[in-house]
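Written below as structure tokens is the structure these notes are about.
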2 protein chains.
Amino acid sequence: MDVMSDVKATRATRLREKSGARRQQQKAEVRRALLDAASGLFLEHGLTGFSLRGVAERVGYSATTVYLYFENKDDLLFAISLDGFEQFGQALQTAYETTADPVERIGALGRAYIAFGVAHPAHYRLMFMERGEFLTKTNPHDQKPTSDAFGILVRAVHEAHAAGRVRPGNPMDLVYTLWAGVHGLVALTLCVPMLNEADLTIRTDHLLDVLFSGFAEKAR
Amino acid sequence: MDVMSDVKATRATRLREKSGARRQQQKAEVRRALLDAASGLFLEHGLTGFSLRGVAERVGYSATTVYLYFENKDDLLFAISLDGFEQFGQALQTAYETTADPVERIGALGRAYIAFGVAHPAHYRLMFMERGEFLTKTNPHDQKPTSDAFGILVRAVHEAHAAGRVRPGNPMDLVYTLWAGVHGLVALTLCVPMLNEADLTIRTDHLLDVLFSGFAEKAR
DNA sequence: TGACAAAGATAACGGTGTTAAGTAAAGTAT
DNA sequence: ATACTTTACTTAACACCGTTATCTTTGTCA
């Protein structure tokens, strides 16, 4: 009996720990399912056609259940944007590693930036146009340092600056000018109907060409 | 009888026309009041805090009355954007006339563009970020040719091109590159919290400087 | 004065985000 | 095994939204 109870106790404890971990894992799974459904609905229908009720229906839950896994609609959108920032950071990181030349590197980053924007319009809109505040919002889950896309760009420009490949002055000015250029091109492509995506490569080439000519100019 | 009826008919027609004109004028006045209220509410609370019920309440009408003067919410927003485009076009026109030098002219246009964007953020967001399709939507009232801001920019660049002051090639590429640059700077300033408006002039100077260095470069 | 058209208001439908209260199941301790 | 508690989820409801259909009022004209 004592032996039995002992066995049962240990097994119960193990089960409790196991079940606690499993509960946590199950909770994470449901959260992930909700997030995937939300991402899908958002990528398909954009911000306007994105509703909590729609997300819930997709997973077979009630609408209010979403509030058990996310603070509110904005929190869910932020989670979606985090996935976007993750992808975006990896794309920039890959571009960064394609070449060792500081100037070519910046060009690769610019092209990767634009390519991501037009390839993931819903994500890009959310991250940089509709919810710009997400850029500076700190990740509460704090899991991954959300591969710092901005940091990659800053580093690349600093390296080109240190190598004397760009005009003297505050390198951050170059960062913002470059960012403005690529963001402007992406944003206009996504928003303005007259700028079809067909001639985007021409405009990309021209923009980067002009920017680099301006960047490269030596002191005045 | 025929004479009398004739006289009565003409007077009746005149009266009808007169009263018809006044009715039309009154209708235009109410429409204008609604539009002003809508603009105010929109400029104060942005697109999210903008509702037909709010507009109606501001004028003391019922919400459904708005539909007697505007097709729907989007039509009302479009009317607001038309006012914005009017102001915007005039600002660019003024900038165009500040100087006769083709290159300086483009610089003045760029600065006017950015100045308008940060001075009228709600209008700018609506016109170029949230409802970019309004750019190419034709004005149904067809009253004013909505002073063509884009045309002014295109003309300025063509003139600089014709004067041999910018790099050879398709001038429209320069137009889009310039547009991307200034729009990018405005859009980031409006959306990204880390880009406070304090250093905007520095960034503006730097952006235009880089762009013009790139523009001015002669053939390769 | 009576017919008619215009202007406006009410009521309602289906949709939204969000909160409060209820329910059924699972876990836990005695 | 039973009683208590926590968890997961649902239903009901509130306040808002855009939009439409159906009144009621008002003014114009013969």
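Each chain gets a letter, A, B and so on, in the order its sequence line appears, and its residues count up from 1. Only a predicted model underlies this, so the values are computations on that prediction, with no experimental measurement involved. The basis for the numbers below is simple: all heavy atoms, side chains too, and nothing from hydrogens, waters or symmetry mates.
- If you measure from atom OH of A/Tyr67 to atom P of C/dA21, you get 17 Å, rounded to the nearest angstrom.
- Atoms NZ (B/Lys73) and C1' (D/dC17) sit 8 Å apart, rounded to a whole Å.
- If you take CG of A/Leu34 and P of D/dC9, they are 9 Å apart, rounded to a whole angstrom.
- The existence of a salt bridge linking B/Arg131 and B/Asp75 is excluded, since no basic side-chain nitrogen approaches an acidic carboxylate oxygen closer than 4.0 Å.
- A straight line from OH of B/Tyr69 to P of D/dT19 spans 18 Å, rounded to a whole angstrom.
- Taking a 4.0 Å limit (strictly below) on heavy-atom distances, residues 42-59 of chain A reaches DNA chain D at A/Arg53.
- A straight line from CG of B/Asn72 to C1' of D/dT20 spans 13 Å, rounded to a whole angstrom.
- Relative ring orientation between A/Phe128 and A/Phe85 is described as perpendicular, the plane-to-plane angle rising above 60° on a 0-90° scale split at 30° and 60°.
- The closest side-chain heavy-atom distance from A/Phe50 to A/Val55 is below 4.5 Å.
- Between the C1' atom of D/dT19 and the CG atom of B/Leu68 lies a distance of 13 Å, rounded to the nearest Å.
- Relative to the side chain of A/Thr64, the nucleotides C/dG17, C/dA20, C/dA7 differ in distance, and C/dA20 lies closest.
- Heavy-atom minimum distance, A/Ala91 versus A/Ala112: O-CB, 4.2 Å.
- Rounded to whole Å, the distance from CZ on A/Arg31 to C1' on D/dC9 is 18 Å.
- As rounded to whole Å, 14 Å separates atom C1' of D/dC9 from atom CD of A/Gln26.
- Taking only side-chain atoms of B/Thr65, from C-beta outward, the nucleotide of C/dG8, D/dG18, D/dA8 with the closest atom is C/dG8.
- A side-chain hydrogen bond (donor to acceptor under 3.5 Å, both in side chains) with A/Arg111 holds for exactly one of A/Thr98, A/Thr201, A/Asp205; it is A/Asp205.
- Between A/Phe215 and A/Phe212, the ring planes are perpendicular. Angles over 60° get that label, and only those under 30° would be called parallel.
- Taking the six-membered ring wherever Trp is involved, the centroid distance between the rings of B/Tyr124 and B/Tyr113 falls below 6.0 Å.
- B/Tyr61 has no side-chain polar atom (N or O) that falls below the 4.0 Å cut-off from OP1 or OP2 of C/dA7.
- Between the side chain of A/Ser62 and the base of D/dT11 there is no donor-acceptor pair of N/O atoms closer than 3.5 Å.
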